[in-house]
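Every heavy atom of this structure was used, including side-chain atoms; hydrogens, water molecules and symmetry mates were not.
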Amino acid sequence: MRTEPPGPQHEWLDGDAGPVVRPYTLTGGRVRSAVDGFDLVAFVLAGSDLDPAADPRLLPEHRQLIALARRPVSVAELAAELDLAVGVIRVLLGDLLARGLVAVHEPPAAGQLPDNDILKAVVSGLRAL
């Protein structure tokens, strides 16, 4: 049997999903990043000499992103770790990137990858060993 939590009930709260308005408030109503969108597999890396506490304009989520990005981590991993939508993570990362607090390393474009014939030749050569 399920019981309702004590206290006033609001229509924007859901016992399973939590507050519905939270992502909107985290981004200040923005749905697009100040910087072009980030690929899900792009790696984010924060500078090792950064002190996120020094900037009072940073949200706690910004600080968490910087802490998690002390080692290279993908955008998708950040979203999973913070339990936030990827769109929210992209907006917050855009804030950090615009301030120069993180670097984003995009995966190579498909045009920069080796030709399939070259890859097949490498696999054939490895099998021949």
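- Leu65 and Phe43 are members of different hydrophobic clusters when ILVMFWY side chains are connected at heavy-atom separations under 4.5 Å.
- By the criterion of side-chain heavy atoms lying less than 4.5 angstrom apart, applied directly or through intervening Ile, Leu, Val, Met, Phe, Trp or Tyr residues, Val41 is not grouped with Leu78; the two fall into different hydrophobic clusters.
- For the pair Leu58/Leu96, a side-chain contact is recorded, criterion being any heavy-atom separation below 4.5 Å from C-beta on.
- For the pair Leu68 and Leu82, the minimum side-chain heavy-atom distance is below 4.5 Å.
- The shortest distance between side-chain heavy atoms of Val44 and Leu93 falls below 4.5 Å.
- When side chains are defined from C-beta on, Val104 counts as touching Glu106, because their heavy atoms get closer than 4.5 Å.
- Partner of Arg90 under the side-chain contact (heavy atoms from CB on, under 4.5 Å) criterion, out of Leu92, Val88, Val86: Val86 alone.
- Summarising the geometry of Arg70 relative to Gly47, their closest heavy-atom pair is NH1-O, 2.7 Å, with the distance given to 0.1 Å.
- Proximity of Val102 to Leu45: side-chain heavy atoms (C-beta onward) are nowhere separated by under 4.5 Å.
- The shortest heavy-atom contact between Ala42 and Pro107 is CA-CD, 4.0 Å.
- Among residues two or more places apart in sequence or in another chain, the side-chain hydrogen bond (donor to acceptor under 3.5 Å, both in side chains) test is passed with Gln64 by none.
- Glu61 places none of its side-chain heavy atoms less than 4.5 Å from the side chain of Ile89.
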> Can Ile118 and Lys120 be said to form a side chain to side chain contact (heavy atoms under 4.5 Å, CB included), step by step?
Replying inline: CA-CA 5 Å; Ile118 293 173; Lys120 287 178 184 176; over 6 Å; no

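- Inter-residue side-chain proximity for Leu119 and Val123 is flagged as unmet; no heavy-atom pair is nearer than 4.5 Å.
- Applying the side-chain contact (heavy atoms from CB on, under 4.5 Å) rule to Ala103 yields the partners His105; only residues at least two apart in sequence or on another chain are considered.
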